[in-house]
Amino acid sequence: MASSNSFKLRCSIPGHEMDVRGLATAIFPEGAFVSVSRDRTGRVWVPNSSPDIGFSEMHCMSGHSNFVSCVCVIAPNETYPRGLIATGGNDNNICIFTLDRPQPLYTLEGHKNTVCTLSSGKFGTLLSGSWDTTAKVWLNEKCMMTLQGHTAAVWTVIILPEQGLMLSGSADKTIKLWKAGRCEQTFTGHEDCVRGLAVISNTEFLSCSNDKSVRRWQVTGECIQVYYSHTNYIYSLAVFPNSQDFISTGEDRSLRIWRQGECCQTIRFPAQSVWCCCVLPNGDIAVGASDGIIRIFTEAEDRMASAEDLQAFEDELSKATIDPKTGDLGDIKLEDLPGREHLNEPGNRDGQTRLIKDEQKVEAYQWSVSDGRWVKIGDVVGGSNQQTSKSVVYEGKEYDYVFTIDVNEEGPSMKLPYNVTDDPWLVAHNFLQKNDLSPMFLDQVANFIIENTKGHVVGPAQIGGGDPFTGAGRYIPGSSSNGSAPSGVADPFTGKGAYSSAAQRQTSTNIYFPKTDGVTFEQANAPQIIAKLKELNEGAPREHKLSDDTMESLEQLLLAVCGANSPEPPPTIQQISLLWKVSHWPEDIVFPVLDILRLAVRHPQVNESLCGEAEGVQLCNHLLSLMRPEGRPANQLLALRTLCNSFSGRHGRALLVSQREAVLSRAADLAAVYNKNIHIALATLVLNYAGCFHVQPDLDAKAQCLSVASRALETVQDKEAIFRLLVALGTTVASDQTAQDLARSLGVGSQISKYSTVSEPSKLGECCQLVLKELQ
């Protein structure tokens, strides 16, 4: 069979809906492999019959209630001659599957946090590692022993061929060798989290780390070689059948092939995180990434993709956008870059990157030794004040951007035109007014514009600080001027001048945490809420239809709680009781009532009535039932916001503190719902709890706050939600050594470090740096 000595794409498999987090070679059928994903499924892929070079899905497995993060295959035995498949997930469980049914054969329970790594050994032994800092050895559906000794999350485990020897790698930067449940050796050398392990032989193994290095070790404890080439975190390793050469993948968008100790080929991806890889029995490579696609690469010319498919992959890569902060591109100054003629000079090594200036754009190219040419790997954004030179025509006018906005999953898409010279907040405000949308979407739409224009915002700088939660301090048409903020440090939550002593505060002053006053969701459009309530009431079944008197009472209640200076009399006991009763309307129409409830619980009388000792538990249970993972997103969102707003009163705070375990456990499950607004509300809830337990220290409560925040950060991508989670983390660990040690053991520092360089919005990077400082 002809070989080109260079790997090229064989096929792409768009089989998952979210990130592919784990891959493993299957034992049956021949040439198959297994993948697992954040979409909560595992899938078995089999090669198609020649001459088709693709793969088809043979089997789909589901059983986890949260993301699936790792997979391994258990060797066949007499009972299961085709072997078993083990998967670990963010639900803390391990599911064991056969190839005969989609549901688990059985589930292994015992870990107290995400199971992020699995390895199988002889005689059906299974080794698991978890964020709970332990590894566990399982046999015949039972946990035989727990390996304790790491001080942070166990990210990777592997069973060595020699019976009884096991390895674990951790966020505490160490690798431990275990025999018969006892730690025999600790390997030190990595400078950050150890993310992956791979066996070379009975006496040697490889490790990879967030410190961008791969290390080769002897089991006796010596590091005999360090390999450098990656420019960001390295997530996974796999060894070729010759047991010497290997591959690695990481956060620098790359797969790297290593031969005889050298990186001989670099393959870039149109996805930021290249999470996992495995080597198939025929020497082909399977790779999973954050775009949900599995890609197979081969050296065999008869299995390579067609010229058209190879070009399509190259075209997709060339259209990717690259943030220079995530790779090896350095500080980019547009005026110092060479032009396209620079590509006439050949590269020095495979994978070498070169930046060129094309008008006002910066393009990144990579040298391909096999092709003898520079291949475009994307457009660089954020490295300079570059602006788009393209224009889009919409309704007869030219714009720099025309976005498609989906505010309501069931409604039609809307077009939002934008020029980089516009104020994103004013554009967002006008867009909401034009489309008759609730002002509660203002922050989300404005942040969407800012994120998707890559920071190309032109216009006057704001005076003073804007409230990072509500946008207060920014100009919004129709709002009154608050005047200029006093000199000194601006409060990031209110936009007002913070207290300054006679000696002016240093620029490093922490204005973000600890934050002990609750953050609430205040936006309200009473006429819009009432109009929706009337519309749904007209179409409601007769047994659920509300009387005119009931509608009038709800409207009076809403107006009474919507403003501090409302002329309406305060809510009556009858109105509050009515609100509680109507909040049990059918789930498909109850959301406007929940919106009234969200606003009402801020009022002292409503807070006392609904959150008091007798009624409070009922309210909590009702809201938690609406937050079921399979529930309606609108109800989940408003239930979360109601809980957040309940912190505004003494009775609400006391209720939520007493129900903390159940509330945070249910809320944490909603991190898996792909909805930015839900993520922001979840982050706010964690933040409000963190504020409570900063004032009234409770280690168990702080541990749950840290765990929920850390778990949410694994999945949340919205920058506002991430910011609030960082503030929650900072508030939890501030001035508390035990909480700081707990955060370190969970690997929080390594988990959040990638946000420390974020400059847009600046509060994200600044807050992250301050949290990391607390954890030093």
Side-chain angles (χ1 to χ4, degrees), residues 16-21 36-41 62 64-70 88-93 111-116 130-132 153 273 275 290 292 409 444 447 519 521 623-644 656 660-690 701-729 732 743 746-748 751-752 754-755 764 768 771:
H16 284 286
E17 296 172 10
M18 297 179 74
D19 303 44
V20 178
R21 290 303 301 261
V36 294
S37 165
R38 284 183 172 177
D39 65 11
R40 306 186 186 193
T41 68
S62 58
H64 287 279
S65 61
N66 210 318
F67 302 136
V68 190
S69 51
C70 55
N90 284 41
D91 56 5
N92 310 348
N93 294 334
H111 279 295
K112 296 177 182 177
N113 213 318
T114 294
V115 178
C116 53
S130 167
W131 290 3
D132 64 12
S273 304
W275 292 116
S290 55
E409 291 179 359
Q444 281 69 46
N447 286 326
V519 178
F521 293 89
L623 293 174
L624 294 187
S625 73
L626 294 168
M627 289 161 55
R628 300 185 312 276
E630 69 275 14
R632 292 175 174 268
N635 295 345
Q636 293 168 337
L637 173 65
L638 291 166
L640 277 170
R641 288 181 171 178
T642 302
L643 290 170
C644 292
L656 289 168
R660 179 257 311 163
E661 190 166 353
V663 171
L664 280 177
S665 295
R666 175 59 56 85
D669 292 335
L670 295 182
V673 177
Y674 196 70
N675 183 303
K676 288 183 178 182
N677 291 328
I678 287 176
H679 289 171
I680 291 171
L682 165 61
T684 307
L685 182 66
V686 180
L687 172 54
N688 286 351
Y689 267 115
K702 286 191 170 191
Q704 191 178 15
C705 286
L706 287 171
S707 177
V708 172
S710 177
R711 182 172 160 189
L713 282 166
E714 264 289 284
T715 59
V716 169
Q717 296 181 346
D718 179 81
K719 289 182 179 178
E720 182 60 35
I722 292 167
F723 169 70
R724 297 188 188 202
L725 289 168
L726 290 174
V727 178
L729 288 171
T732 303
L746 288 172
V748 167
Q751 187 181 25
I752 68 173
K754 62 184 176 182
Y755 302 119
L764 193 58
C768 180
V771 177

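All of these numbers come straight from a predicted model, not from anything done at the bench.
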Can you tell me if Ser37 uses its side chain to pair, donor with acceptor, with the backbone of Asp19 under 3.5 Å? yes
Tyr755 side chain reached by Leu713 side chain, heavy atoms, under 4.5 Å: yes
Any donor-acceptor N/O pair, Ser710 side chain to Leu706 backbone, under 3.5 Å: no
Are Tyr689 and Val663 packed together at the side-chain level, in the sense that at least one heavy-atom pair is separated by less than 4.5 angstrom? yes
May I ask you to decide if Glu661's main-chain N or O and Gln704's side chain share a donor-acceptor pair within less than 3.5 Å? yes
Do side-chain atoms of Arg641 reach the backbone of Phe521 as a donor and acceptor pair under 3.5 angstrom? no
Looking at Ala703, is its backbone amide N or carbonyl O close enough to the side chain of Ser707 to form a donor-acceptor pair, meaning the two atoms are under 3.5 Å apart? no
Any donor-acceptor N/O pair, His679 side chain to Ala671 backbone, under 3.5 Å: yes
Just wondering, do Val36 and Thr41 contact through their side chains at under 4.5 Å, heavy atoms? no
Without swapping roles, check the side chain of Asp91 against the backbone of His64 for a donor-acceptor pair under 3.5 Å. no
Would you indicate whether the side-chain heavy atoms of Leu640 and Gln636 approach each other to under 4.5 Å? no
Spacing of Leu687 atom CG and Leu725 atom CG [to the nearest 0.5 Å]: 8.5 Å
With a 4.5 Å heavy-atom cut-off, do Leu726 and Ile722 have their side chains touching? yes
Rounded to the nearest 0.5 Å, what's the gap from CG on Asn66 to CG on Asn90? Could you check? 5.0 Å
Any side-chain heavy atom of Gln717 within less than 4.5 Å of one from Tyr674? yes
Any donor-acceptor pair under 3.5 Å linking the side-chain atoms of Arg21 with those of Ser69? no
How about Ile678 and Pro633: do any of their side-chain heavy atoms sit closer than 4.5 Å? yes
Donor-acceptor pair, side chain of Asp132 and main chain of His111, under 3.5 angstrom: no
Return yes if some donor-acceptor pair links the side-chain N/O of Ser273 with the main-chain N/O of Trp275 below 3.5 Å, else return no. no
Close side-chain approach of Arg38 to His16, heavy-atom, < 4.5 Å: no
Between the main-chain N or O of Ser65 and the side-chain N or O of Arg40, is there a donor-acceptor pair closer than 3.5 Å? yes
